[in-house]
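Report on one structure; see the data block that follows.
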Amino acid sequence: MPELPEVETTRLGVLPHLRGRAVLSVIVRRGDLRLPVDPGLEGLVGCRFIGVRRRSKYLLADVEGGRTLLIHLGMSGSLRVVPEADEWRKHDHVGLSLDTGRQLRYHDPRRFGMILVHETAMEVGHSLLQHLGPEPLEEEFSGVYLHSVVRRRRCPIKQAIMDATVVVGVGNIYASEALFRAGIRPVTQAVRVSRARCDLLVGSIKEVLAEAISQGGTTLRDFLRSDGEPGYFRQRLMVYGRGGEPCRVCGEPIRQRVLGGRSTFWCRVCQS
DNA sequence: CGAACCTCCTGCGGGC
DNA sequence: TGCCCGCAGGAGGTTC
């Protein structure tokens, strides 16, 4: 479910509940996620959270003493902070009780997510975080950079920007949205995207992600922020999920096809 | 190295 | 109403 804006929304939501708080107990009801829930999770009892960072779609909650709790939400994961006594819902798999009387709950119907504990706060230390490309909202992600990478790619540009070794955090929704804003068709061969259009595309990716974060992410079916509110970016989607509906700019029916196994949307008039 | 394909899992909406 | 099929926001692994 979550792309970068949803993960960032989650981070902002849980941060005030975690920062400075200690873990009193850990409950794992169901540990068979994409990877087994790290047994080291129990070792966080008694530890105090310093803060919560994000790298790619990983949430990194640092505790005093140099360990980091890594949480990936997969396709359907979410976090919320509830009173400890609150009833456990179906698919609530893990709970971390805090010294505030509240509990951080991990919920994930499809169980594609991950909960890991890493020994050092250095994000590059974990093997899952190596080989990741730049953060899309950092300066390092520029038109020059994208052009240099894309030069050797024969795949469609959409698949290139969804490749986490190229740039992290651009998932299926925002890939279609950014390409619409940049006026580039998703099927365009990456290698044929000019330097000028790479500039445009990078600008569009930054813009659409920043806007989505400011709206609390996109709720399609089930994404809820950690406070239980939906994200409001859905109303601003120009093409994603709008196959056959009129383009909001020119009225042309939005096209849809599968690219690399993922549904892809574009306007053949506004994008070329 | 790049690219195509497969896989994990549950829920839901559409079609019949 | 009920059942079956296909599809879903991710991403690591394998194979060529």
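Below, chain A is the first sequence line, B the second, and so on; all start at residue 1.
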From [atom1] of [X] over to [atom2] of [N], roughly how many Å is that when rounded to an integer?
| X | N | atom1 | atom2 | answer |
| --- | --- | --- | --- | --- |
| A:Q130 | C:dA11 | CD | P | 16 Å |
| A:H131 | B:dG2 | NE2 | P | 13 Å |
| A:R55 | C:dG10 | CZ | P | 16 Å |
| A:R153 | B:dA4 | CZ | P | 11 Å |
| A:I161 | C:dG10 | CD1 | P | 12 Å |
| A:F233 | C:dG9 | CZ | C1' | 14 Å |
| A:F265 | C:dC7 | CZ | P | 12 Å |
| A:K158 | C:dG9 | NZ | C1' | 11 Å |

For [N], take OP1 and OP2 only and decide whether either is under 4.0 Å from a side-chain N or O of [X].
| X | N | value |
| --- | --- | --- |
| A:Q159 | B:dA4 | yes |
| A:R234 | C:dG9 | no |
| A:R154 | B:dA3 | no |
| A:Y174 | C:dG9 | no |
| A:H72 | C:dG10 | no |

Residues A:R67 and A:E64 bridged, charged N to O under 4.0 Å: no
Thinking salt bridges, do A:D199 and A:R197 make one under a 4.0 Å N-O criterion? no
Just compare C:dG9, C:dA8, C:dG12 and give me whichever is closest to any side-chain atom of A:R262. C:dG9
Which nucleotide sits closest to the side chain of A:M162: B:dA3, C:dA8, C:dG10? C:dG10
Does anything in residues 74-101 of chain A form a salt bridge (charged side-chain N to carboxylate O under 4.0 Å, His left out)? List the pairs, not counting sequence neighbours. A:R21-A:D99, A:R48-A:D99, A:R80-A:D92, A:D92-A:R105
Using a cut-off of 4.0 Å between protein heavy atoms and nucleotide atoms, how would you tag nucleotides 7-12 of chain B 5' to 3' with B, S and -? -BBBS-
Nearest-nucleotide comparison on DNA chain C, the residue closer to the 5′ end among A:L220 and A:A164: A:L220
Just jot down the ring pair (Phe, Tyr, Trp, His ring centres under 6.0 Å) partners of A:Y145, sequence neighbours excluded, or say none. none
Would you call the rings of A:H91 and A:H107 parallel, tilted or perpendicular, where under 30° means parallel and over 60° means perpendicular? perpendicular
Output side-chain donor-acceptor pairs under 3.5 Å for residues 209-216 of chain A, partner residues at least two apart or in another chain, one line each.
| from | atom 1 | to | atom 2 | distance (Å) |
| --- | --- | --- | --- | --- |
| A:E211 | OE1 | A:R181 | NH2 | 3.2 |
| A:E211 | OE1 | A:R236 | NH1 | 3.2 |
| A:E211 | OE2 | A:R181 | NH1 | 3.0 |
| A:S214 | OG | A:E211 | O | 2.7 |

Does a side chain donor of either A:K158 or A:S176 reach within less than 3.5 Å of an acceptor in the other side chain? no
Between the side chains of A:T218 and A:Y174, does any donor sit under 3.5 Å from an acceptor? yes
What do you reckon, is CD of A:E140 surrounded by more than 12 foreign heavy atoms closer than 6.0 Å? no
Contacts of A:E135 meeting side chain to side chain donor-acceptor pair (under 3.5 Å) (sequence neighbours excluded), chain-then-number -> A:R54, A:R55
For DNA chain C, what are the stems built from at least three Watson-Crick or G-U pairs in a row, each pair having both distances below 3.5 Å? B:2-8 with C:10-16, B:10-16 with C:2-8
